[in-house]
Each structure stands twice: as C-alpha cells, then as structure tokens.
2 protein chains.
Amino acid sequence: MEQSNAVLSALGDAGKRLTVARRAVAEAIAEQAGHFTAEDVLAVSRRRRRAVARATVFRSLDLLVDLGLVERVDLPSGDHAYVACEPDAHHHHVVCSACGRSVEVGELGLRPILERIEFSTGFAIDSHRLELFGLCPECRMAAAAKPSA
Amino acid sequence: MEQSNAVLSALGDAGKRLTVARRAVAEAIAEQAGHFTAEDVLAVSRRRRRAVARATVFRSLDLLVDLGLVERVDLPSGDHAYVACEPDAHHHHVVCSACGRSVEVGELGLRPILERIEFSTGFAIDSHRLELFGLCPECRMAAAAKPSA
DNA sequence: AAGCTAGTTGAGACTGGCTCGCAACTAGGC
DNA sequence: GCCTAGTTGCGAGCCAGTCTCAACTAGCTT
Ligand SMILES: [Zn+2]
Ligand SMILES: [Zn+2]
Ligand SMILES: [Zn+2]
Ligand SMILES: [Zn+2]
C-alpha cells in the first residue's frame, strides 16, 4: 500500500499523469510478495477493478523502471521478471529460487572490486548487475524439514 | 579455430556426437569477436557451408551452455546474448557497451561479500551473476577523440 | 564394409511475450 | 467547463524460441 503511494508521488515528481491504469498497476505491484512478471500484474489488474490493457501494463512497467521504482531481473530460467525496490539507492537483489521472495542488499564493498577490474582490463565500467539466487530462511527450513524430494 | 577445437573435444568428453551442425555452430561462434545472439550464429551458418536449422542452433547453444563453453549474458537492453568462455572456472564478463567485445574476469574477492550477504539476509546463496558493462580501451579512445556525439 | 540404433537434425507450424499504430479518452492546467 | 497533450485500449503484427515428428547419421558392432 505505502509502496503504491510512493509510486504515486514519484509519478507526480516526474511530471507524469496520475491515471487510473497506473494506479492499478501500482496496486498490483504492491501486492506482490517477491518478483513478478508482466503477466502477474496483468492478472491482478484483471481480477480487481477494470482490467488494464496488456500494452499499458508494459508501458507502465517501463515507466516505473525509468523512475527506479521497479527493477528488471533476469531469472536463471531466462524469464524476465521485475522487483519493486527503493529508488535513489544503488543496490542489488537476493532472490529466493524456491518461493520468489526477494530482499535488497546494498553495495557492500563491491566498489573496490570494480576498481580492480577497471585497472586490470582497461575498461571504463559504467554499470553493473549483480543478481543473487538462493534459498530464503523460510524455504531453507522447509527444505531441511522435508529432505526427501 | 582453436576455440572450435576446444568445443569439439569437449563434446567428445561429454559423450555427445560430433555432428556437422555442431561443427558449424562451433565455427560460427569462434569467429565472433564479442557477445553474439542466436541469430548471429544462424546468419554465419547460412553464409558458410550448409545452413543449420534455427531449432538446431538453439539446441547446440543450450548444449554448449551446459558444457560451460558458452555463457548467457543478459544485456542491459534486455536482449539475450551469449559469450564464448573458458570452461571449468567461475568467472564473469565485462562487456563493452559500444562494440560488444568482452573479456573475462575472475572472482576477485567477491566471496567475502557473498558471505556477508548470507549473514545479513539469512539466505543460503547458491548462485550469482555479475555482469559488468562499460567501454573497452579502444572505444574509450575513440570516444575521447571524437567527443561530439 | 555393411548393419544397427539411438542420438540428432530439418522443416515448419506454433506459442507467447512484447510492440505498434491509431482513434478515443482523460488528467490537469486555464 | 474547456482544451490539449499525454495516455489508453484495442487489435493486428512481430519475432525469438519451442515443439513434433519423420528422416538422417555418427559411431559402435559384427
Ligand atoms: Zn523462499
Ligand atoms: Zn552494485
Ligand atoms: Zn569496445
Ligand atoms: Zn562470481
């Protein structure tokens, strides 16, 4: 909910209109636990209120990505997903490969590594992506409790 | 060329057949400078010898990924690409956003960071992806020489 | 060298994610 | 309330990647 409010005000700040469709997308995203796909958003929007058109879902998602409120993640499976996230702070996501829940982590000392890479390769690195996959605490316990299968 | 030989022997080791199609794909990959798409491989194969079927290109690429001879990279643009790389050593790729050339870099001290993340999040991280983008030395020079657009 | 068989391929239909174009609609300023 | 640029919906279209299945062949066997 507050997530969706953040979206609304961010839209305002960016001089974008506060339309019904965008509100619907924002709400749909707010109710996602972990990462989600465009289809998920579409499905939620169809279930509640008036459905948002497929094209519009993609347009809004792109917009939110531009605003830094949502980020694209490429799952190991090759699927494209999105995660809601805090704007204005460079960070990365740790995604649970069992349930999809995701948490943000900061830069945690990556900077020196990047510098070392720039030095050794001669590249001027201007962006990077670090995606971490594993089991979240809950799924870890679940896995430990039922080791078979 | 040696690249393609490496592929051939790796196929043998994995008990896979050494077919014409796979040879063609291996050669097509060997002549790619940086990252490439499935379409690129398809195009090269069509230009030389007998063309390899679309489906087969994807199948071979998947196989090579399994063997660790090729890796998938998700470009910032969202496109899926591949890079040829050394097998048997965990590493990452630095990709030039201008010309596509890519070089491999090792782990360079990422381990402690991962441990810190596991500790602070409670996740059991079992895989990660680090992709670096920037300008390679050549493109950097080119950019410096012609600063206007 | 010929035979055998499981692994592999080609062709093309098919799917599903995503984009495009454009007329209708509306948020927000006046 | 009006105006207009920004936005949406719809539907057609596009394209990467998958699937099916009959035909083919690498490599072993005799
Ligand atoms: Zn989980
Ligand atoms: Zn970072
Ligand atoms: Zn370059
Ligand atoms: Zn690594």
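Keep in mind that what you see is a predicted model, and the values were worked out from it rather than measured. Residue numbering restarts at 1 for every chain, and letters A, B, ... go by the order of the sequence lines.
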How close do [X] and [Y] get, counting heavy atoms only, and between which atoms?
X: A/His93; Y: A/Ser102; answer: ND1-OG, 3.9 Å
X: A/Cys85; Y: A/His91; answer: CB-NE2, 3.4 Å
X: A/Val83; Y: A/Val73; answer: CG2-CG2, 3.5 Å

Study note, to complete from the structure: Axis-to-axis angle for the helix from C/dA1-D/dT30 to C/dC30-D/dG1, ends of five pairs each, to 10°, equals 30°

Revision key, fill the gap. Picking from D/dG17, D/dT7, D/dG9, the nucleotide nearest the side-chain atoms of A/Arg22 would be D/dT7

Exercise for review: State which residues pass salt bridge (charged side-chain N to carboxylate O under 4.0 Å, His left out) with B/Asp74; sequence neighbours excluded, sorted by chain then number.
Suggested key: B/Arg129

Check your understanding: Hey, does A/Leu11 have a side-chain heavy atom less than 4.5 Å from the side chain of A/Leu63?
Key -> yes

Exercise for review: Report yes if the side chains of B/Leu132 and A/Thr121 come closer than 4.5 Å at any heavy-atom pair, otherwise no.
Suggested key: no

Please report, rounded to the nearest Å, how far the [atom2] atom of [N] is from the [atom1] atom of [X].
X: A/Arg46; N: D/dG9; atom1: CZ; atom2: C1'; result: 13 Å
X: A/Leu42; N: C/dG17; atom1: CG; atom2: P; result: 10 Å
X: B/Asp79; N: D/dG17; atom1: CG; atom2: P; result: 9 Å
X: A/Glu39; N: C/dC18; atom1: CD; atom2: C1'; result: 10 Å
X: B/His80; N: D/dC15; atom1: NE2; atom2: P; result: 17 Å

**Study point:** B/Arg72 side chain to B/His80 backbone, donor-acceptor under 3.5 Å
**Key:** no

Check your understanding: Do the side chain of B/Ser97 and the main chain of B/Gly134 share a donor and acceptor less than 3.5 angstrom apart?
Key -> yes

Point to revise | salt bridge (charged side-chain N to carboxylate O under 4.0 Å, His left out): pairs with one or both residues in residues 55-70 of chain B, sequence neighbours excluded | key: none

Practice item. Mind jotting down which residue pairs meet the salt bridge (charged side-chain N to carboxylate O under 4.0 Å, His left out) criterion with at least one end in residues 112-121 of chain B? Sequence neighbours excluded, please. Key: none

Revision key, fill the gap. Under a 4.0 Å heavy-atom cutoff, the residues of residues 56-66 of chain B touching DNA chain D are B/Phe58, B/Arg59

Check your understanding: Heavy atoms under 4.0 Å, any strand shown: does A/Ala51 hit a base, just sugar-phosphate, or nothing?
Key -> sugar-phosphate

Exercise for review: Answer with base, sugar-phosphate or nothing: what part of the nucleic acid does A/Ala21 contact at a heavy-atom distance below 4.0 Å?
Suggested key: sugar-phosphate

**Study point:** Interatomic spacing from CZ in B/Arg47 to CG in B/Leu42 - rounded to 0.5 Å
**Key:** 10.5 Å

When you compare the protein's N or O atoms with those of nucleotides 26-28 of chain D, which come within less than 3.5 Å of each other, and at what distance?
unit_1: D/dA26; atom_1: N3; unit_2: B/Arg17; atom_2: NH1; d: 3.4
unit_1: D/dG27; atom_1: OP1; unit_2: B/Leu18; atom_2: N; d: 3.2

Review point. Has A/Arg54 got a side-chain N or O lying under 4.0 Å from the OP1 or OP2 atom of C/dC18?
Key: no

